[in-house]
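Counting starts at 1 for both ligands and their atoms, in listed order. Worth saying up front: this structure is predicted, and the values here are computed from it rather than measured.
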Amino acid sequence: MTKSQQLFAEARRYIPGGVNSPVRAFRGVGGEPFFVESAKGCKLRDADGRELIDYVGTWGPAILGHAPQVVLDAVAAAAQKGVSFGTPNPYEVEMARTICEWVPSIEKVRMVNSGTEATMSCIRLARGFTGRSKIVKFNGCYHGHVDSLLVKAGSGALTHGHPDSAGVPAEFAALTLTLDYNDPDALKSIVAAHGGEIAAVIVEAIPANAGLYFPRPGFYELIWKLCADHGALVIFDEVMTGFRLAKGGYQSIIGMKPDLTALGKVIGGGLPVGAFGGRREIMDQLSPDGPVYQAGTLSGNPLAMAAGLAQLRELDRINGWAKLEELGAAFESTVRAGLKRAGRDYNFRRIGSMFCTYFMGGEIWNLADAQASDKAAFARFFHACLDRGVYFAPSQFEAGFISLAHTAADIEKTGEIAVAALTA
Ligand code: HOZ
């Protein structure tokens, strides 16, 4: 028995499924998860001493790589002054100012502890601000484990076959109107039927929880126009894309301003951080200024703020986004060459440092398209890569992440291993 197997056997006795988040279980690919002893740069070291090139990056936060020195130093310095105060602290002001300066649509922001809290708070705030109850969401988009958003959800909910989670009362789910992503006619019909009842349309900036697919030209313009015409808010979920694709998020790339934005992952430098922000008049509805209640003992925690600020400042200092685009392009040409060598007509998608390979040819514009991927072939590929020292996310429906710690040599090695895995 390996050490990971021993740990997993014990974990299963005390933790449901042996994991603290379902995406970590290997149910979508078979087998058991490995346990990580340490992580540095782009490498994980598991409990049995195996070293892996990692493309999960703690599900997005590790954009500088694991345990970057700037973050370690910032956390150590902050910890010397105390680990939690439960009062306002200077770090959170600096964090809020940074976010408002970097993301043009955000005039005020509040810190929370996860992406889930961020989207949940956006939904409540949108309802409070508009006085309406219904939410529109897209099939396959995942916005954390919020009751009203675990309807036709992606990520682990999709991987494990529960896109409509048990435990969400039918009355709640009925307030969530769902439709296919990239379907302008369905969106127009929903808005025509429910316009005056819709508080918000929530959308992942780039859907990355059913693999990775992109908006068709004009689709986001339509969302914005219909929302403006009917008095509904646009909630842009940039938990994955925010500070990963650009300094100002994906919204700065497309030049659009959502009413509210949810942030997470990169913003915390590996510590538990989320944030939500947007137009001043909406944010001012939050307690204590307004009637919408939202709170948190550890929100704005000094260690988390110090870690996040250190990561953001370093990205800015070295213009990390341009470097990530270069690394992403190198990764893409390596993968495309590898697929050609292996004789596979698979669909590789990338934006910046986010990527996904669907094990199928053809076009992918929505969840239904994505579900046609050959998941058994993906599972074989996943294990063949893992056996050879490369760790991709254990599900066809998760995006991969490249970090600034990946080198040309790591990418080349990954390409060789991927070809070997595809042709094994
Ligand atoms: N939010 C991540 C994106 N799919 C998954 C992380 C988790 O659920 O643990």
Would you mind listing which atoms of ligand 1 come within a distance below 4.0 Å of any non-hydrogen atom of [X]?
X      : result
Ser21  : 7 (C), 8 (O), 9 (O)
Met240 : 3 (C), 4 (N)
Ser155 : 3 (C), 4 (N), 5 (C)
Asn209 : 3 (C), 4 (N)
Glu398 : 3 (C), 4 (N)
Lys265 : 1 (N), 2 (C), 3 (C)

Do [X] and [Y] meet the criterion of a side-chain donor-acceptor pair at a distance under 3.5 Å?
X      : Y      : value
Arg110 : Gln294 : yes
Glu197 : Ser133 : no
His162 : Ser165 : no

Basic-acidic side-chain contact under 4.0 Å: Glu238, Lys265: no
Arg97 with Glu94: basic N within carboxylate O range, under 4.0 Å: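 Yes.
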Heavy-atom nearest neighbour in the protein, as seen from atom 6 (C) of ligand 1, with distance rounded to 0.1 Å: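 Result: Val23 CG2, 3.8 Å.
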His145 contact mode with ligand 1 (heavy-atom cut-off under 4.0 Å):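 Neither part.
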Val109 to Ala275 - nearest heavy-atom pair and separation: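 So the two residues come closest at CG2-CB, 3.9 Å.
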